[in-house]
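Below is one structure, written out as structure tokens, with a few remarks after it.
Order of the sequence lines sets the chain letters (A, B, ...), proteins ahead of strands, with each chain counted from 1.
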There are 2 protein chains.
Amino acid sequence: MADNRAQDLLSRRYRVMGHHTPLFYEKPLHLVRGEGVWLWDNEGNRYLDAYNNVPHVGHCHPRVVEALSRQAGTLNIHTRYLHNNIVDYLERLTSTFDEGLQMAMLTCTGSEANELALRMARFCTGGQGVIVTDFAYHGNTEAVSEIGTAFMPEAKTTRRVKAFPIPDSYRPLDGLGGEPLAQAYADRVQQAIDAFHAEGMNVAGILVCPDFANEGLLNVPPGFLEKAVTKVRQAGGVFIADEVQAGFGRSGRHFWAHQWYDVTPDIVTMGKPMGNGHPLAGVVARPDMIEAFSRESMYFNTFGGTPVSCAVGIAVLDAIEEDNLMQNAVTTGAYVADGLRRLQQKHELIGDVRELGMFFGVELVRDRKAKTPASTESRRIINLMRDKGVLVSTIGVHDAILKVRPPMPFQPGHADILLKALDEALTQVASEGSV
Amino acid sequence: MADNRAQDLLSRRYRVMGHHTPLFYEKPLHLVRGEGVWLWDNEGNRYLDAYNNVPHVGHCHPRVVEALSRQAGTLNIHTRYLHNNIVDYLERLTSTFDEGLQMAMLTCTGSEANELALRMARFCTGGQGVIVTDFAYHGNTEAVSEIGTAFMPEAKTTRRVKAFPIPDSYRPLDGLGGEPLAQAYADRVQQAIDAFHAEGMNVAGILVCPDFANEGLLNVPPGFLEKAVTKVRQAGGVFIADEVQAGFGRSGRHFWAHQWYDVTPDIVTMGKPMGNGHPLAGVVARPDMIEAFSRESMYFNTFGGTPVSCAVGIAVLDAIEEDNLMQNAVTTGAYVADGLRRLQQKHELIGDVRELGMFFGVELVRDRKAKTPASTESRRIINLMRDKGVLVSTIGVHDAILKVRPPMPFQPGHADILLKALDEALTQVASEGSV
């Protein structure tokens with residue numbers, strides 16, 4: 001009966017949305033309620049959310065819902081009039097950045113933020129060439145799809161984008177390590193620059209997620225990014241840090257993931273967790289770039305930076321502070337990572353465990369020496385875990401890396417539930433044999 | 001004191017947002033509250049909103065605020081899980097369209113909707129060339145800026161866009177009228193097609209606002225659009241109707257402005273009024289196009305079609321029905337138009353009055369014969385009206401057309417206030433003499 005309802009809903013969904021909209025799990029989840037790190041389906045089953053980063057401070061956080069509701073009932077209007085909220089919010093937001101990044105433009109989505117960053121970089125440098133990794137995804141508009149080397153159609157035909165190999169120290173280039181590995185990847189960035197120049201195109205910049213999240217939450221060879229950015233800047237380009245997934249304290253020690261590196265971006269884009277689900281995103285950049293670009297473009301975003309969006313943004317910043325979520329990302333993050341490493345001791349399938357605050361990548365391999373990606377197994381595991389009431393997903397070139405990225409209020413007790421479910425799923429997959 | 005506060009806020013805004021973000025009025029308005037068709041500033045002054053179409057069913061409509069708050073407190077999640085709201089909403093939304101337009105994709109902004117429409121048109125036709133008017137604005141992303149012939153930097157350099165003269169019957173091409181005028185404009189569309197072909201580029205489509213709103217809410221020569229679309233389709237392109245401003249019953253008799261014409265679009269984009277200020281936008285299109293595009297693109301929009309956005313979308317549709325807003329657009333719209341025409345009898349400055357439901361364009365000219373655009377005067381008038389407590393703005397090639405586009409609950413009593421303020425402002429500008 002309940003299953004029929006889900007099936008009916010799915011059929012109706014196909015009819016109005018088509019058959020190709022992304023949907024999680026072999027047996028799609030029909031959700032009806034969320035609170036903190038928990039979600040409930042239409043049959044009353046509870047799920048531990050160890051995947052969703054958009055509900056950053058927790059599903060339906062009362063402070064955020066209250067700020068949203070109060071402001072929506074008071075005034076919601078665009079930024080062609082003055083309002084306190086946007087100024088208060090942007091002062092607060094830019095205070096989390098290094099000196100030199102003290103001006104902002106608000107949008108509604110990460111795609112719009114990356115669009116704006118690309119437009120600004122191209123406008124200010126006069127270059128068109130953009131350098132990204134060879135397994136990048138940064139959003140869904142045309143120009144952003146061009147840099148979507150992971151699978152976007154526009155990336156296959158554009159001449160404005162060149163890719164370098166993902167800076168992975170688990171599967172290192174030429175079997176190198178340490179400083180030579182960092183240098184080897186940076187040399188590949190230089191090759192991209194040279195290739196643009198050979199084709200008569202100037203370089204606008206390099207755009208990467210500082211976590212290299214979609215690439216598999218890589219352990220980047222230390223020094224690589226600094227070297228790469230230096231080369232890009234020497235070529236006249238800028239450094240765009242896509243913090244859409246990485247930002248807002250998820251990495252624990254720093255508010256922004258780029259702050260783990262010894263280089264300050266020219267432009268930073270942000271989105272997903274920014275409004276805890278409310279469509280809020282934006283760009284923080286060098287004031288000279290924003291001034292130059294805005295003078296020419298008359299950029300205006302009807303829903304960007306409304307009093308409601310900014311009230312929500314402020315509430316999210318408040319919740320991160322008041323709920324001590326960055327400290328929690330450090331401590332609970334370490335607890336989760338320890339647990340994952342214990343599972344690695346026990347389960348041959350776990351090739352590598354990587355973490356950054358409250359973000360974890362568990363790379364599954366069929367053979368630890370050959371590092372053969374265990375894609376089928378990882379798909380099986382996330383479906384088994386769903387049935388056990390724990391939500392995670394996969395990422396990476398081969399979709400063989402478990403992506404564990406829970407709401408920030410995730411506690412050690414939740415970690416125990418996650419680890420137990422993963423342990424059981426790994427045991428079951430091992431018992432089922434190679435697939 | 002209060003003025004100092006607005007000045008302080010402006011200085012702080014410049015510091016975090018730069019000096020070039022669009023801002024209305026010589027003396028910017030600092031707003032704090034909205035309700036129905038009314039807005040209040042930080043000094044307690046009340047303003048009649050005769051401009052904003054985003055608060056479509058009225059500022060802070062209780063039904064919309066309640067739906068937003070309730071769903072935000074229950075569950076806000078992306079569409080990779082099943083949820084009733086998006087299916088319920090899209091069934092209801094697509095029911096307002098002609099047969100053949102029964103599938104939809106949701107985004108957060110009109111720019112994203114137009115991006116998606118362009119990607120889809122280019123993907124499905126294999127063409128790159130897009131035809132727009134020579135004074136078009138459709139949003140702020142790169143590909144959408146390319147079609148922003150009104151002032152966007154990217155429009156100046158792209159080779160993928162060609163423009164035809166705005167199909168204006170007030171300033172008609174070659175002084176023609178009636179059927180020959182419609183034919184003359186359609187011939188200009190054919191010239192654009194031919195020019196693309198001469199350059200070896202196939203045509204993806206024509207994209208216009210069916211109201212030609214930014215162009216000045218034109219009275220389009222009857223038959224023009226049908227002829228133009230036929231030519232584009234013969235060349236293998238599609239018809240994209242940008243209903244971001246025009247849709248959701250504003251034109252009174254029809255829910256969609258394209259329904260005034262005798263041609264059905266292949267793709268329709270929508271946004272602004274869709275969520276009454278909540279960032280909700282989307283594309284309704286031919287199912288075969290959505291299926292073909294989605295299969296290849298894996299299009300996903302994190303904040304598009306969340307349970308919260310769809311709850312808001314449903315509440316807006318409810319409010320349009322329950323508050324009889326389309327009927328009101330017909331009756332109050334006619335009342336406003338009559339009043340504007342009476343003012344035209346009295347004031348030489350009014351060259352033309354155009355209306356479509358609850359949307360009005362008042363074209364100001366220094367000389368009714370020569371039709372010299374009264375740009376300075378129109379700027380003066382909107383500032384004078386602001387001081388009188390009535391908000392309107394300007395549009396058109398010369399910014400000499402008053403844009404009057406109030407929230408849909410606008411009543412005859414509000415119209416009287418608007419008309420009185422406009423009458424006084426016109427009198428004052430006339431007394432000040434030519435500027």
So do the side chains of [X] and [Y] get within less than 4.5 Å of each other, counting heavy atoms only?
{"X": "A:V32", "Y": "B:N84", "answer": "no"}
{"X": "A:V54", "Y": "B:T302", "answer": "yes"}
{"X": "B:L39", "Y": "A:L75", "answer": "yes"}
{"X": "A:N52", "Y": "B:H78", "answer": "yes"}

Under 4.5 Å heavy-atom distance to chain B, tell me which part of [X] shows up: side chain, backbone, both or neither.
{"X": "A:L391", "value": "side chain"}
{"X": "A:P22", "value": "both"}
{"X": "A:T107", "value": "neither"}

Whatever's closer than 4.5 Å to a heavy atom in chain A on B:P279 counts as both
Filtered by a 4.5 Å non-hydrogen cutoff, the part of residues 86-93 of chain B contacting chain A is B:I86, B:V87, B:D88, B:L90, B:E91
Within residues 303-313 of chain B, the residues sitting under 4.5 Å from chain A by heavy atom, in sequence order, are B:F303
Under a plain distance cut-off of 3.5 Å, with no hydrogens placed, do A:T109 and B:E112 share a side-chain donor-acceptor pair? yes
For residues 10-20 of chain A against chain B, heavy atoms under 4.5 Å, the residues are A:L10, A:R12, A:R13, A:Y14, A:R15, A:V16, A:M17, A:G18, A:H19, A:H20
Note to self: Quick check: under 4.5 Å, non-hydrogen atoms only, which of residues 115-123 of chain A neighbour chain B?
What the structure shows: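 Contacts with chain B: A:E115, A:R119, A:R122.
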